[in-house]
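Below is one structure, written out as structure tokens; the observations come after it.
Residue numbering restarts at 1 for every chain, and letters A, B, ... go by the order of the sequence lines. A quick note: this is a predicted structure, and the numbers were derived from the prediction, not measured.
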Amino acid sequence: MKKKPVHLRVNGVEKSVFVDEGANLLDVLRRSIGDVSVKYGCGQGTCGACEVMIDGVLHLSCLCLAEAADGSNIETVNSLNNGELHPLQQAFMDNFGAQCGFCTPGMLMAAKALLDKTPSPTMEQVIEAISGNICRCTGYEPIIHAILDAADRMTSQQKA
Amino acid sequence: MDLNVKTFDEVSQASEALADSDGLFFGGGTILMRVVNEGNPNLSLLVRTTDPRMRAINVANDKVILGGGTTMLDIINHQELEFLHAPARAVGGPAIHAMATVGGNLYARHPFGDFTTALLALSATVRFAGDDEDREISLEEMLKDRESLPRRIVTSVAISRPAHDIFRFTKISRVRPHRLPVMTLAACLPINEGKITSARIAYGAMASTPVRVTAVEQALEGRALDPAGIRDAVAVATEGLSPPTDAIATEWYRREVAPVHLRHLLLGNSI
């Protein structure tokens, strides 16, 4: 199978890899770059577990052609933790927003995409923001409350 | 079979590469990447383009032209396209919005195609790469022949901006806010001296492609948009249709609920 060179900036670090033609970004992040924080759920764009930010916009990495992301800035859930937990991660812990944790990376990235644009969202906006993410064990209410709690913490931090 | 991906700077080059090949055009990836991920052995060539004209949105007076590669997020972020925001938001969650394209939605298989349903009610016309510049076909015609015609690159979709408040859209799902539709409804309801004239009604998920419901349109002609005026239209809500049975709903269920949702749509009731 032919290989193509792809250059990515993953969580602030430059990465250059050769990818198979037709490879999706999820596989490249996990297998070639070693960032296994991105989860393989369905491979069909249905569950949202593989969500990452590409140039600041939420995408499903399983449906992204890796070579189409050439030159892009990729943020995975690993980008949130800079030595201490991100307020979103802390709020998920405090509000029991993660049980098995498989959907959590996608949920956190969907939540980050929301809070980047809408720092004080309504519950409806939170529901809309995670509408592409499936959770099969925690239940959505703790996740929704965790995101609202994180929004409160982040806006309080900014005011302080 | 090895999969090849060819990327071209211009859409005309991509169109030429597709001609006489077994390749498929790769737009936003939300349809084709699923097939790639499944490892379909029959898929040998994907053709894509980075031509910026594919994502251009032109709004001039009442005419709106959407590039075939325009994403749902491009539309949601466009303030002059507010009437299309609900149909664009209906296409999956936020990550899908950033990837799903207008051209791709025209080829989305049942039960998908919510945005196409809206375009159908708005009398959209479609242009393809490789055609003469002045050639465009109606979306209705394109959808009728969709499965039999060779797949080509949709370069743009044109619509007229509807006058204030005459366009309505709703998606009915069992799981809110965004899951597969039981049905999608869109209506363009021009009113002249208190009477509906030349209404266009379209359903999604009620046939193999989004369809116009001409029986309903005819029953609305010359009637007032009130409970008495729409009674005959609601009575023929599924006339001429054979709704599919799938994991979301049976044919029987779709037939039962269609009149209810049509009535809500026409009267502007929120559900």
Side-chain angles (χ1 to χ4, degrees), chain A residues 1-4 6 19-27 40-71 106-107 109-114 116-118 123-134 140, chain B residues 1-8 23-41 43-50 69 71-74 76-77 85-86 88-101 104 108 112 171 173 175-180 247:
Chain A
M1 189 171 273
K2 287 183 194 166
K3 302 265 187 187
K4 286 184 177 173
V6 168
V19 304
D20 292 333
E21 289 201 39
N24 64 51
L25 180 62
L26 170 63
D27 277 344
Y40 188 107
C42 64
Q44 297 285 296
T46 302
C47 72
C50 68
E51 283 180 351
V52 299
M53 306 275 260
I54 301 179
D55 294 331
V57 180
L58 193 68
H59 280 72
L60 291 153
S61 61
C62 74
L63 296 186
C64 288
L65 205 53
E67 63 183 86
D70 187 29
M107 288 285 184
M109 295 314 285
K112 181 175 186 300
L114 169 70
D116 283 353
K117 285 184 78 173
T118 313
M123 184 179 280
E124 275 200 357
Q125 287 172 315
V126 172
I127 292 169
E128 172 85 24
I130 61 167
S131 62
N133 300 72
I134 292 176
Y140 294 97
Chain B
M1 189 183 296
D2 279 358
L3 177 63
N4 291 306
V5 181
K6 292 182 179 173
T7 303
F8 297 93
L24 292 172
F25 181 68
F26 189 93
T30 56
I31 297 173
L32 262 186
M33 205 64 201
R34 298 174 184 210
V35 183
V36 174
N37 289 344
E38 285 168 0
N40 188 324
L43 197 58
S44 59
L45 173 64
L46 296 178
V47 173
R48 51 187 292 271
T49 178
T50 53
T71 66
M72 298 301 133
L73 187 60
D74 293 335
I76 291 165
N77 287 338
H85 287 183
R89 285 187 193 283
V91 181
I96 291 284
H97 294 161
M99 304 168 72
T101 64
F112 301 108
K171 176 178 178 176
S173 304
V175 181
R176 292 191 180 196
H178 301 298
R179 286 296 165 201
L180 300 177

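Side-chain N or O atoms of N37(B) include one that pairs as donor or acceptor with a backbone N or O of C62(A) at under 3.5 Å.
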Using side chain to side chain donor-acceptor pair (under 3.5 Å), reason through R48(B) and T7(B) one step at a time and then give a plain yes or no. CA-CA 5 Å; R48(B) 51 187 292 271; T7(B) 303; 2.9 Å; yes

Quick one: do K2(A) and D20(A) satisfy side-chain contact (heavy atoms from CB on, under 4.5 Å)? Show the steps, please. CA-CA 6 Å; K2(A) 287 183 194 166; D20(A) 292 333; over 6 Å; no

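Contact of V5(B) with chain A is made through backbone and side chain together, with heavy-atom distances under 4.5 Å. The part of N133(A) that comes within reach of chain B is its backbone (N, CA, C, O), which places non-hydrogen atoms under 4.5 angstrom from that chain. The contact between C64(A) and chain B is made by backbone and side chain atoms together, counting heavy-atom distances below 4.5 Å. Heavy atoms closer than 4.5 Å to chain A are found nowhere in L32(B), neither backbone nor side chain. Contacts of A68(A) with chain B are made by both backbone and side-chain atoms, with heavy-atom separations under 4.5 Å. Of the atoms belonging to Q44(A), heavy atoms from both backbone and side chain fall under 4.5 Å from chain B.
Between chain B and the options L114(A), I54(A), L65(A), the largest number of non-hydrogen pairs under 4.5 Å is found for L65(A). Most heavy-atom pairs under 4.5 Å with chain B, from the set I127(A), L63(A), L58(A): that is L63(A).
Two residues are said to be in side-chain contact when any heavy atoms from C-beta on lie closer than 4.5 Å; V52(A) and M109(A) fail this criterion. The closest side-chain heavy-atom distance from F25(B) to T49(B) is below 4.5 Å.
Surrounding NZ of K4(A) are more than 12 heavy atoms belonging to other residues, nucleotides or ligands, all under 6.0 Å away.
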